[in-house]
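One structure below.
Position 1 is the first residue of the sequence, and the numbers go up from there. If you're wondering where the values come from, they're calculated on a predicted model, not measured in any experiment.
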Amino acid sequence: MKLPEKIVTLRKGRGLSQEALAEQLGVSRQAVSRWEQGSAQPDAGNLFQLSRLFQVSADYLLDDALDQPPQSAASPVADPLRKRRLAGILLAAAGLLGNLVIYILSRAVAVMVPVITYEQGVTWYNWSSDHTGHSWKFFIQTYDLELLTALFCLLLAGGVILFLASWPPIRAQMSRFFHH
């Protein structure tokens, strides 16, 4: 398989458009198109970037006799973006699980809740130790779990952001947004 075919196969295997690949390499879409048509070849710097991006050796890209990259280089686990997506999923899952545990505990443990009354447009909160109930908000306040709950929310949000930021189509959009 020749270099142009390898570039097309590897690019499509990653779900990248010519434009997205060009942005990741810092070249024009037309340059990628010329490489894929065989009317031009990437220079040494771009060849190095291609080999790193696709996790293949430069030997594989340049040697027409090699039709398949070596197994160790083609392993999807070697993809750094895949590792980031996995880390994002794990962070989001930890945040979601933490908040779910707090919610379940708030449903199982009764805490003191106020009796809310409204008089002449004013809201009154009357607290009584004999008036208890199951409230997520007051459970968190009673047991001083505000910081822990905030941490779980940050884990959830950070995990989702990390996952989305490592997804190739979204990375291409972010790259276009921040470079223009």
Are L147 and F138 connected in a single hydrophobic cluster, I mean Ile/Leu/Val/Met/Phe/Trp/Tyr linked by side-chain heavy atoms less than 4.5 Å apart? no
Output the rest of the hydrophobic cluster of V122: all Ile, Leu, Val, Met, Phe, Trp and Tyr residues reachable through side-chain heavy-atom contacts under 4.5 Å, sorted by chain and number. W124
Minimum heavy-atom separation for S51 to A58, with atom names? CB-N, 3.9 Å
Linking I/L/V/M/F/W/Y whenever any side-chain heavy atoms sit under 4.5 Å apart, do W127 and W136 land together? yes
In short, salt bridge (Lys or Arg N to Asp or Glu O under 4.0 Å) pairs touching residues 34-51 with sequence neighbours left out are R11-E36
Can you list the residues that meet the side-chain contact (heavy atoms from CB on, under 4.5 Å) rule with L164, with sequence neighbours excluded? V160, I170
Between atom CG of L151 and atom CG of N99, what is the distance when rounded to the nearest 0.5 Å? 9.5 Å
Could you list the donor-acceptor pairs under 3.5 angstrom formed by side chains in residues 100-110, with sequence neighbours left out?
from, atom 1, to, atom 2, distance (Å)
S106, OG, Y103, O, 2.6
R107, NH1, H134, O, 3.2
R107, NH2, H134, O, 3.4

Rounded at 0.5 Å granularity, tell me how far CD in Q55 sits from CZ in R82. 12.0 Å
Taking salt bridge (Lys or Arg N to Asp or Glu O under 4.0 Å) as the test, write out the residues that go with D63, two or more places apart. none
Side-chain contact test, heavy atoms from C-beta onward, threshold under 4.5 Å: evaluate it for L21 versus L53 and give yes or no. yes
Which heavy atom of L25 sits nearest to which heavy atom of N46, and what is that distance? O-OD1, 4.2 Å
Membership question, hydrophobic clusters at under 4.5 Å side-chain separation (ILVMFWY): are L148 and F139 in the same one? yes
For Y118, give me all partners under side-chain contact (heavy atoms from CB on, under 4.5 Å), at least two apart in sequence or on another chain. I116, T123
Residue pairs passing the side chain to side chain donor-acceptor pair (under 3.5 Å) test with at least one member in residues 137-162, sequence neighbours excluded, are none
Identify whether L156 and L86 are in the same connected component of the hydrophobic contact network (ILVMFWY, side-chain heavy atoms under 4.5 Å). no
I need the minimum non-hydrogen distance between L91 and G159, along with the two atoms involved. CB-CA, 3.7 Å
Could I get the full list of side-chain contact (heavy atoms from CB on, under 4.5 Å) partners for T9, not counting sequence neighbours? M1
Determine the minimum heavy-atom distance between G88 and L162, stating which atoms define it. N-CD2, 3.6 Å
Which residues pass the side-chain contact (heavy atoms from CB on, under 4.5 Å) test with L10, sequence neighbours left out? F54, V56, Y60, L61
Pairwise distance CD1(I140) to OG(S135) - rounded to 0.5 angstrom: 8.5 Å
Rounded to the nearest 0.5 angstrom, the CD-NZ distance for Q41 and K2 is 10.0 Å
When you look at V111 and T132, which way does the side chain to side chain contact (heavy atoms under 4.5 Å, CB included) test go after all the steps? CA-CA 5 Å; V111 293; T132 60; over 6 Å; no
Roughly how far, to the nearest 0.5 Å, is the CD atom of Q37 from the CD1 atom of I7? 11.5 Å
In terms of heavy-atom contacts, P4 and G38 come closest through CG-CA, 3.6 Å
Show the nearest heavy-atom pair for residues L155 and G95, with the distance to one decimal. CB-CA, 3.8 Å
Roughly how far apart are S28 OG and E23 CD, rounded to 0.5 Å? 11.0 Å
Is a donor on one side and an acceptor on the other found under 3.5 Å between the side chain of R85 and the backbone of S166? yes
same_hphob_cluster(V8, V27) at 4.5 Å side-chain heavy-atom cutoff: no
Which is it for W35 and L50 under the side chain to side chain contact (heavy atoms under 4.5 Å, CB included) test, yes or no, and what are the steps along the way? CA-CA 12 Å; W35 299 342; L50 284 167; 4.1 Å; yes
